[in-house]
Amino acid sequence: MKVPSSVEEAVALQVALAPSVVTTPPPDFAPRTATGLDVAYATDSPLVAAAVVTVEVATGEVLESATAVGEAGFPYVPGLFAFRELPTLLEALGGLSVAPELLVADGHGLCHPRRFGLACHLGVETGLPTFGVAKTPIGEYEAPADTRGARTPLVDGGEEVGAAVRTQPRVKPVFVSVGHRIDLDTACALSLTLAPRFRLPETTRQADHLSRRTLRNHAA
DNA sequence: GCGACAG
DNA sequence: ATCTTGTCGC
């Protein structure tokens, strides 16, 4: 993947790619597995560790994982942070022996100023159904009822760009949005299925742990 | 000008 | 994102 050399170039790339996002799932889409992705950053170096973990949707059991270590070749700019993680994430994905059926990104998809967040970019780049689960919202929303499964619209610029989903009672909701080749209802349903016990889906939890462990091992 | 701003 | 101890709860 080619990393833009300027903010202007990065924005232009997002604007150019955004129209290729598909907001409809494949026919009879019922993934048996889901692959979570996350990246850990080093404190005092440009090193990043990416981890991808494939779990069985029905049980949460880990089936396979892969990692990659690289460098963040782009500064952190809100709205452009995908460019920091994408190259290393794609490299890690290449390490899997079984092709993913569905990607679950750690961040937003259509909930993005140009409707092309990390989850969209990952989806368009790989061609795979993808959605994003973020821990922090962009836009406005009303607090969902305090019941697992409760959901309210996430609105940005007058558009519904995602949903606040309560995966656990008395716990802050997560923010789900479409990445590619999926619809919001399916993404919300899968988010719930993948988070039977904790706030975040098992996919991102596993990927988060593995990326941190990979970064530590790399230092040592 | 000042604060906000996924990870 | 990352820097960090103890503490409450299952």
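In what follows, chains carry the letters A, B, and so on, assigned in the order in which the sequence lines appear, proteins first and then strands, with residues in each chain numbered from 1.
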Legend entry - Single-linkage hydrophobic cluster A/V161~A/L122, side-chain heavy atoms < 4.5 angstrom: no

Inset, instruction - Determine whether A/L190 and A/L154 fall in the same hydrophobic cluster, where Ile, Leu, Val, Met, Phe, Trp and Tyr are linked whenever their side-chain heavy atoms lie under 4.5 Å apart. - result: no

How many whole angstroms separate atom [atom1] of [X] from atom [atom2] of [N]?
X: A/L80; N: B/dA6; atom1: CG; atom2: P; answer: 12 Å
X: A/R84; N: B/dG7; atom1: CZ; atom2: P; answer: 13 Å
X: A/D38; N: C/dA1; atom1: CG; atom2: C1'; answer: 9 Å
X: A/L89; N: C/dA1; atom1: CG; atom2: P; answer: 14 Å
X: A/K135; N: B/dA6; atom1: NZ; atom2: C1'; answer: 8 Å
X: A/H121; N: B/dA6; atom1: NE2; atom2: P; answer: 19 Å
X: A/D156; N: B/dA4; atom1: CG; atom2: C1'; answer: 13 Å
X: A/L122; N: B/dG7; atom1: CG; atom2: C1'; answer: 13 Å

[X] near the nucleic acid: base, sugar-phosphate alone, or nothing, with a heavy-atom cut-off under 4.0 Å?
X: A/R197; answer: nothing
X: A/G132; answer: nothing
X: A/A42; answer: nothing

Inset, instruction - Ignoring backbone atoms, establish whether A/T43 has a side-chain N or O less than 4.0 Å from OP1 or OP2 of C/dT2. - result: no

Kindly point out which of [options] is positioned nearest to the side chain of [X]?
X: A/Y76; options: C/dC3, B/dA6, C/dA1; answer: B/dA6
X: A/P78; options: B/dG7, B/dC5, C/dC3; answer: B/dC5
X: A/F81; options: B/dC5, C/dC3, B/dG7; answer: B/dG7
X: A/H108; options: C/dT2, B/dA6, B/dG7; answer: B/dA6

Legend entry - Result of checking A/V15, A/D156, A/V21 against A/R115 for side chain to side chain contact (heavy atoms under 4.5 Å, CB included): A/D156

Legend entry - A/Y141 and A/F175 aromatic ring geometry - parallel, tilted or perpendicular at 30°/60° bounds: perpendicular

Legend entry - A/D38 and A/R212 ion-paired at < 4.0 Å: no

